[in-house]
Amino acid sequence: MRIRSTLIWRNIIFWSIAQTLIPGSVRAQFITLDSIEIFTKHDWFKLKHTVYFQCKGENKTVLPDVIKSDILYTFRGQESWQPMTEISGEKCKRCGIYEQGSLISDKEFDEWELCPSDFSASQIYTHFKEKEINATFVCHGCAKLDSVSAGAATGSSSKEEGDNGSKVAIAIVAGVLCATLVVVGGVFMFRHSKRMKLQRDQARFMKLFEENDDEPEDELGLEPVL
């Protein structure tokens, strides 16, 4: 048991150092069990419980100390069977806590999606199911993931603010250009209409002048000289 514990913690230290030194690597978050209390038993043919934790596609992690219901068991996170599992990035895992049966198949206390986002700022997550279990988990490394996500969110927010500012500036420039075009067009139309009116007045005046110039000859009865 001591050899297994040494190997587990050596692997944890190795992966922590490797993920720190390798740029762009996906950091793994190790999940340990802090406490657990079971409220019932599913196999009444056994005097003691055989409780285990398991994620889909992974091996069982038997909790050897958890043998009775209605007792709160606490752990230090350094037991030989710790950590329970590990999660990478923001991807969830389908995990559960089960009771190993003797005559019938294993029964689940509960099964759920275990996600890095479930853990609080203090890296603690409590899973409770009425009349079944109350378990508290600790995520080692989730705080780093939160800080990276927060930095990414801040960068995205700054980019969105910059894009919004550019759109506002473009809208203002477009508005000024449109207003300028409207004013210039109005002035041009005003001058054009004024010039056309002046030309019409001049033509009317010339027509009246020609008509007045022919009237004296008609009144005197003068005939044109051959």
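Scope of the values below: all heavy atoms of this structure, side chains included, with no hydrogens, waters or symmetry mates.
- Side-chain N or O atoms of Glu132 include none that pairs as donor or acceptor with a backbone N or O of Glu130 at under 3.5 Å.
- Side-chain contact between Ile97 and Lys129: absent, with no pair of heavy atoms (C-beta onward) separated by less than 4.5 Å.
- Leu63 and Tyr98 are not part of a single hydrophobic cluster, where members link through side-chain heavy atoms under 4.5 Å apart.
- Side chain of Glu90 to backbone of Ser117: no donor-acceptor contact under 3.5 angstrom is found.
- Scanning all heavy atoms of the two residues, the minimum distance from Thr40 to Phe109 falls at O-CE2, 3.4 Å.
- You'll find the side chain of Asn134 reaches within 4.5 Å of the side chain of Phe39, heavy atoms only.
- Criterion: ILVMFWY side-chain heavy atoms under 4.5 Å apart, direct or through other members. Under it, Ile71 and Phe53 are part of a common hydrophobic cluster.
- Ion pair Lys93/Glu113 not flagged as a salt bridge, since none of the NZ, NE, NH1 or NH2 atoms sits closer than 4.0 Å to an Asp/Glu carboxylate oxygen.
- Between the SG atom of Cys55 and the CD atom of Glu111 there is a distance of 9.5 Å, given to the nearest 0.5 Å.
- Once rounded to the nearest 0.5 Å, the distance linking CG of Leu33 with OG1 of Thr85 reads 12.5 Å.
- Counting all heavy atoms, side chain and backbone alike, Val138 lies closest to Ile124 at CG2-CG1, 4.4 Å.
- Contact annotation: the side chain of Ile31 never approaches that of Pro83 to less than 4.5 Å [non-hydrogen atoms, C-beta and beyond].
- One distance of note links CD1 of Ile87 with SG of Cys139; it measures 4.5 Å at 0.5 Å rounding.
- Here the shortest heavy-atom pairing between Asp110 and His127 reads OD2-NE2, 2.5 Å.
- Note: Phe75 and Trp81 have perpendicular aromatic rings, judged against thresholds of 30 and 60 degrees for the angle between ring planes.
- Heavy-atom minimum distance, Val62 versus Tyr52: CA-CB, 3.8 Å.
- At most 12 non-hydrogen atoms from other residues, nucleotides or ligands lie less than 6.0 angstrom from CG of Asn59.
- By the 30° and 60° cut-offs, the orientation of the rings of Tyr125 relative to Phe137 is parallel.
- Between Gln54 and Glu58, the shortest heavy-atom contact is NE2-O, 2.8 Å.
- The minimum heavy-atom distance between His140 and Thr32, with the atom names listed, is NE2-OG1, 3.0 Å.
- The cluster map of Ile, Leu, Val, Met, Phe, Trp and Tyr, joined by side-chain heavy atoms under 4.5 Å apart, puts Met84 and Ile36 in the same cluster.
- Here the side chain of Gln123 pairs a donor or acceptor atom with the backbone of Gly141 at under 3.5 angstrom.
- In this structure, Thr74 OG1 and Glu37 CD are separated by 11.5 Å, a value rounded to the nearest 0.5 Å.
- Residues Phe128 and Ile133 do not share a hydrophobic cluster, clusters being chains of Ile/Leu/Val/Met/Phe/Trp/Tyr side chains in contact below 4.5 Å.
- Met196 contributes atom CE, which lies 6.0 Å from atom CZ of Arg200 (distance to the nearest 0.5 angstrom).
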